[in-house]
Protein chains: 2
Amino acid sequence: MAEAGTGISRSAPATLHDVAREAGVSLATASRSLNGSTRKVNEEYRKRVLEAAARLDYSPNLSAQAVARGTTTTVALLVADIADPYFSSIAAGVVAEADHEHLIVTMAATERDPERELELVRTLRGQRPRVMILAGSRPTADPTEGALGEELRAYERSGGRVVLISRNELDLRTVLVDNFAGAEALARELVGIGYRKFAVITGAEGLRTAADRVEGFRAGLAAAGGTLDDDDVIRDAFTRDGGYDGMRRLLERGPGDVELVFAANDVMGVGALSAIRDAGLTPGTDVAVAGFDDIPTVRDVTPALTTVRVPLEEIGRRALRLALGDADAQAEGAVPTEVVLRESTPGRK
Amino acid sequence: MAEAGTGISRSAPATLHDVAREAGVSLATASRSLNGSTRKVNEEYRKRVLEAAARLDYSPNLSAQAVARGTTTTVALLVADIADPYFSSIAAGVVAEADHEHLIVTMAATERDPERELELVRTLRGQRPRVMILAGSRPTADPTEGALGEELRAYERSGGRVVLISRNELDLRTVLVDNFAGAEALARELVGIGYRKFAVITGAEGLRTAADRVEGFRAGLAAAGGTLDDDDVIRDAFTRDGGYDGMRRLLERGPGDVELVFAANDVMGVGALSAIRDAGLTPGTDVAVAGFDDIPTVRDVTPALTTVRVPLEEIGRRALRLALGDADAQAEGAVPTEVVLRESTPGRK
DNA sequence: ATCAGGCGGGAAAGCGCTATCTGACTGCGG
DNA sequence: CCGCAGTCAGATAGCGCTTTCCCGCCTGAT
């Protein structure tokens, strides 16, 4: 077994064949004892196989099993950016649930590039994952959208399950977050505690999630009596730096009479807080800020950020359950959200 | 091809066989044209194969390739907690570099449980990944350590590559972070700007990374002239809540004369800031705080947290390069760190 | 003309498994 | 005492690929 040269023995991992030989049984019996089968195996034989496997440190080759069985134990997860707390929280949920189902998660990052996303879906299809979860919305008017839909449908036709998170552009299973209702509720509450004049910082035009949040916010204001001028809707990257930048631009336009800025997600909100501070103002007091998502950090910034809680990890879990055909997950509607008022929006009454 | 019943045609994905038939060539030629080979294929044939593949929307079955080639394109990544910014930043680096090398990353979370870690390593070995990256240190005196080492060594013997991140307990390739030097430098700088009396909040005893940071900090103080009483070293969970809790305990002991609290990582530091604030004090002014890692959020908390920058994403990239035998990565020593002074430690001179 | 030698397509032998099929052996009713 | 159904180990035919190996063909040197 030892190879000449290095002196370090380099042995290929034990195969089922090795185990069978070591145990003195047939390949079939070894397979049956080690990896469940409907058939019964004599207790004596099974024991011998298990011992042999332990002795040889046997570990079944998942690729070979996948080929033979025609099905894998893999879940593919696509996110925009792994380091973004929004996505890493979702990912944590997916991984936790996958682990529970004895599935393995493979992960890739689209970097918010639709072309890359398409490319990744193509590559990951090669794995024949049981499930494919796509998180993070893409521009509504994306030229590759058709191709992506085509690709995903082909994947479903071949037995795979696709689940989208918070994006229903494509006609596929989706874990829907009620962005509209959440933002609407937020707007009402903010008006309720005395705010009247609002501005919004959001992502690029056409980002579904962002658009829903802004629309919901608008609807809430309309109903409750707040105002939001069209040119007080600032667009920038859907990231922390985008939030910082958007806020800076807003402030540069002169103080104006904006009382509260709604950032379409928390990372932008956090960036906005910093921009306000860097401009020499006091966030909360001089300009109130609210976000969306309730990522872990927002309770630790100062002032703690008012936001709409989205149960991110639960969404990840639910996405996987939905893909696996869990009846409950199917039945539930959009994921409920909850307004969380904190110090970044002190009451004005 | 269409199945009766549902009316929805459900077709298995095209196989290489299908492509070969469609193109009117042999399996071998199809394989050679689609997935590189040393051998040349007639341009005319190659074209026909490529067209046929496109027409059938062929996607090579990676499991089958893995079985046939005896090698995969998979990288396995183990982290303690995916939602923790420390790990998600590292993961982002690994994924980015993997993508660059056309490798696929599978990810699992140990939840900081050594038994689970061992279990996961066993499972993931079944994938026969080319590389296995373990991030996050484990207790030095862990009973399963021997078993883990055994498992990893067996994996290496079978041709795999293990890389550890910031933990060198096991005799394996490691991306080492110079925790000691970083903390030492931090201590010197803090003494330099006027601090004298310190406390530390760190993780459970025996956590290598945490221990190195505390030791380094101590060494720096010893050299520069600061003091740190033994009972001013608080231990708690190595998480945000652990930091909060540790700080709370420290404050409950009465104000004392501690000027600056060094938290062994940023998430603890952020928790500590919140604890200070919740106790009615002003972090930075009443009690200064410093952390370690420079995770993205720390520049957005108030006061912005003084810390030691660790290039987390770069570490992830480097881990993979190291595993793949990149000469540069081999040659480089420990990852350098850099002290970043911010408002949480205003000068006292 | 002749033949060595490259070239490149196709047949087929695996890769490590699972699942179907085969057949030896049991036990039981008639 | 025969036959028949029921068990369960073992042989074997795949799964979707890659990679020899074989062999016909064309080239070009002799």
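To find a chain, count down the sequence lines: A is the first, B the second, and so on, and within it residues start at 1. A quick note: this is a predicted structure, and the numbers were derived from the prediction, not measured.
Taking side-chain N and O atoms only, A/Y45 has no distance below 4.0 Å to OP1 or OP2 of D/dT7. A close approach under 4.0 Å does occur between a side-chain nitrogen or oxygen of B/S31 and OP1 or OP2 of D/dT18.
B/D171 and B/R153 are not joined by a salt bridge, as no carboxylate oxygen comes within less than 4.0 angstrom of a charged side-chain nitrogen. With salt bridges taken as basic N to acidic carboxylate O contacts below 4.0 Å, one links B/D57 and A/R125. Look at B/R173 and B/E156 and you find a salt bridge, because one of the NZ, NE, NH1 or NH2 atoms lies within 4.0 Å of a carboxylate O, short of that distance. Under 4.0 Å is where a charged nitrogen must lie from a carboxylate oxygen, and between B/D84 and B/R112 at least one such pair does. A salt bridge does not link A/E43 with A/R48: every distance from a Lys NZ or Arg NE/NH1/NH2 to an Asp or Glu carboxylate oxygen is 4.0 Å or more.
Note that the first and last nucleotides of DNA chain C, 5' to 3', having any atom under 4.0 angstrom from a heavy atom of chain A are C/dG16 to C/dC21.
The interatomic distance linking A/E43 (CD) with D/dA9 (P) rounds to 11 Å, in whole Å. Following rounding to the nearest Å, A/L27 (CG) and D/dT12 (P) show an atom-to-atom distance of 12 Å. Note: CG (B/L34) to C1' (D/dT19) measures 16 Å, nearest angstrom. In this structure, B/N42 places its CG atom 16 Å from P of D/dC25, rounding to the nearest Å. Counting to the nearest Å, the P atom of D/dC15 and the CG atom of A/N35 are 20 Å from each other. At whole-Å resolution of the value, NZ in A/K40 and C1' in D/dA9 are 14 Å apart. Protein atom CZ of B/R32 is 8 Å distant from nucleotide atom C1' of D/dT19, rounded to whole Å.
Screening A/L324, A/V163, A/V131, A/V95 for a side chain to side chain contact (heavy atoms under 4.5 Å, CB included) involving A/V75 leaves a single residue, A/V131.
The shortest side-chain heavy-atom distance between A/E117 and A/L148 falls under the 4.5 Å cut-off. Counting heavy atoms from C-beta on, the side chains of A/P129 and A/Y155 come closer than 4.5 Å. Residues A/R130 and A/L103 meet the side-chain proximity criterion, which asks for heavy atoms closer than 4.5 Å. At least one side-chain heavy atom of A/I165 sits under 4.5 Å from a side-chain heavy atom of A/I315.
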Derivation and outcome, salt bridge (charged side-chain N to carboxylate O under 4.0 Å, His left out), residues A/E313 and A/R317: CA-CA 6 Å; A/E313 192 167 329; A/R317 306 183 96 102; 3.5 Å; yes
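For the segment residues 15-24 of chain A, the set of residues with a heavy atom within less than 4.0 Å of an atom of DNA chain C comprises A/T15, A/L16, in numerical order. The stretch residues 65-76 of chain B comes close to DNA chain C through B/V67, B/A68, each having a heavy atom under 4.0 Å from the strand.
Projected onto DNA chain D by closest heavy-atom contact, A/A28 and B/P60 fall at different nucleotides, the more 5' of which corresponds to A/A28. Comparing B/R128 and B/S26 against DNA chain C, the residue whose closest nucleotide sits nearer the 5' end is B/S26.
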